[in-house]
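In what follows, a structure is listed as structure tokens, so that the remarks can point back to it.
Chain letters run A, B, ... following the sequence lines, proteins first and then strands; every chain starts at 1. Predicted model, so just to flag it, every value in this text is computed and none were measured.
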Amino acid sequence: MSEVQPQLIEARDLSKSFVSGNREIRVLSGVDLSLSAASRVSIRGESGSGKTTLLNLLAGIERPDRGELFWDGIPIQSLSAARLTRERGRQIGMVFQSYYLIPELNALENVLIAGQIMGLQRKRELRAAAEALLDEVGLSDRLKSRPEQLSGGERQRVALARALMNRPRVLLADEPTGNLDEVTARRVMDIILQTVDRQDIALVLVTHNPNFANEMPERYTLREGVLEK
Amino acid sequence: MPWYLYLALRQLFPAGRWLGSSFFILSVIGVALGVAVLVVVQSVMGGFGEVHRERIVDTTGHLEVSANGRPFSRYEGMLERLREDPKVAAAMPYAQGFVMARSGRTPLFPQVYGIDLSDTPVFAIEEYLVSGNLADLYDDTVLISSNLASRLGVWVGSEVEVFSPTLIDNLDGEEMVLPSSFEVAGIYEIEWNQEFTPGMVFSLRTMQDLYDLNQSIHGIAVRLIDGVDEYQFAEALRAEYPVWSIITWRERWADFLWVLDLEKTMMLFINLFIVAVAVFAIAVAQLLMVVRKTREIGLLNVMGARRREIPMIYCIQGFFIGLIGLGLGISLAMSLLSVRGPIIRFLADVSGTQDALTRFYYFSNLPVSYQTSDFVIISCAAVTLSTLASLIPALRAARMQPATSIRIEQ
């Protein structure tokens, strides 16, 4: 009998509320989600439906009010804040709608810093890995360009390379094409899909774009805090 | 290189801007100006102090041997012992007191010295002569300070009448008192507080006559060769001659030297506030930067940055701003001090107070003294304050929750 491998991420009955004034707003209610290396998941939902909150919970950035979250079978509630931060850096890559590149660093440095923070590789290896990733996303000729000198699509590709720098097992993409025109969005999306396939990374894609969402084998919609398949 | 050091430096020197960010340039200028003021003030105050100290030694010697203020006559043995000591450059018997001096109808009461010029003089009076000649000091001539000469209205060759206290003491009411008359042989200008310097210098024999001292003197002034510790020398002499009063110039002028040190210390303390103001400006600018970079700080945490590493970015920036500001500030101060003469002359011309420096401070040039201790204190203060200023923004950055930071403007 083969040994059962734990899921990369397993969320059980996650709930999260925020307090606004005297009112408690329930954002997520009883969310269950399992991700394996082959998972390609899309999550849609109206603005304010809790998509970003769910990604933040999966990434361990926020703590759920109720429920359990496991990374590789380890309950993250049992991890110290410092260990959680390091584990997140090692296991999870994140891409945001607004790129969040550091304006003082050029493209190569923006990618390199993710590796420097985790310190998992030597300097020479880091540089080679960063250059290879930028090459993979089609930016080998823009290594020295600062974010302000890059187009939106190029910035998002730099952000993608940065998210992949520490060889994460899960990529959480929060509306990665939300700020891009149709053609550029398509190109970025293709690069994301090709990269996660090539590197065998689980993908959770939060998007408003129904076409991109429908390309995913597992499709979810968040309605009033409930994750529906 | 740790990533936070790299990022800190990159934020100060963004790619493509070798001069640094505007925040960096303005912060460094602020610290540099504060440091420059501190260095200039401390160096000038140190210069004042050093000139005062030099003048004291020039006019009193390094130490004096006396009989607790009483005249004494059997001093030849001590004088010979001192003159034979290899640590002694010169030893000279002297007498001192006050007289009434008059030229015309103006009576003044200067402090006077009688010095023995038969050996190397302890008082470097010749260096301060502005007219006349030390070799012309005989029993019927006198050297006179420029200040007193001016107030009496005399110059070299003029006659000055002198009434000694013993002369006045011997009056019996019927007798007419006749003053001693002296020709001015030279005028000296010590460029120091005129209240502390002797107004007239006679030969020792003349002073002994004026004060009815016979062969007695008031003390022996001693000048030591360079590098000899006067405290140790005085201690050894006290152990050898416990009956004599042996006092160093530092002990004699202890109160005045303390005031000089206090003045300099207070100036340092007050001027540190200038650096503190610059440092507050850094703290405010960095706080704004932390607010502006909230999302980036959240992102660093998402990427795995430890909570204690993020504040290091801002502390390192404060440290470098302090360090570079310090270097520039010292360079600026040294440059200003190297052209202080033209600057002072320009300011004096503009304000119409050209002779104020000479009149009030008795300095013809602005004196400067660079002391290692000043540079160490200023360096430590500038770099420490600048680094500490970054603590508040750094702590704010450390307290940020990644989720909150990431959500901002999302």
Most chain B-contacting option - heavy-atom pairs closer than 4.5 Å, from [options]:
options: A:L101, A:I102, A:I117, A:I92; result: A:I117
options: A:M165, A:R86, A:Q116; result: A:R86
options: A:L105, A:N106, A:L84; result: A:L105

Check whether the side chains of [X] and [Y] place a donor and an acceptor atom closer than 3.5 Å, and report yes or no.
X: A:E109; Y: B:Y6; result: yes
X: A:T184; Y: A:D181; result: yes
X: A:N209; Y: A:R44; result: no

Report which part of [X] has an atom under 4.5 Å of a heavy atom belonging to chain B: side chain, backbone, both, or neither.
X: A:R162; result: side chain
X: A:P103; result: both
X: A:A114; result: both

Given heavy-atom pairs under 4.5 angstrom as the criterion, report whether the side chain, backbone, both or neither of B:L300 touches chain A.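 The answer is both parts of B:L300.
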Around A:E224, counting heavy atoms of other residues, nucleotides and ligands shown, do more than 12 lie under 6.0 Å from its CD?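 No, CD of A:E224 has 12 or fewer neighbouring heavy atoms, counting only those of other groups under 6.0 Å.
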Please, which pairs that meet side chain to side chain donor-acceptor pair (under 3.5 Å) have at least one residue in residues 311-327 of chain B, sequence neighbours excluded?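 For residues 311-327 of chain B: B:Q11-B:Q317, B:Q286-B:Q317.
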Of all residues at least two apart in sequence or in a different chain, which pass the side-chain hydrogen bond (donor to acceptor under 3.5 Å, both in side chains) check with A:R142?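 With sequence neighbours excluded, A:R142 shows a side-chain hydrogen bond (donor to acceptor under 3.5 Å, both in side chains) to A:S145, A:E154, given in chain and number order.
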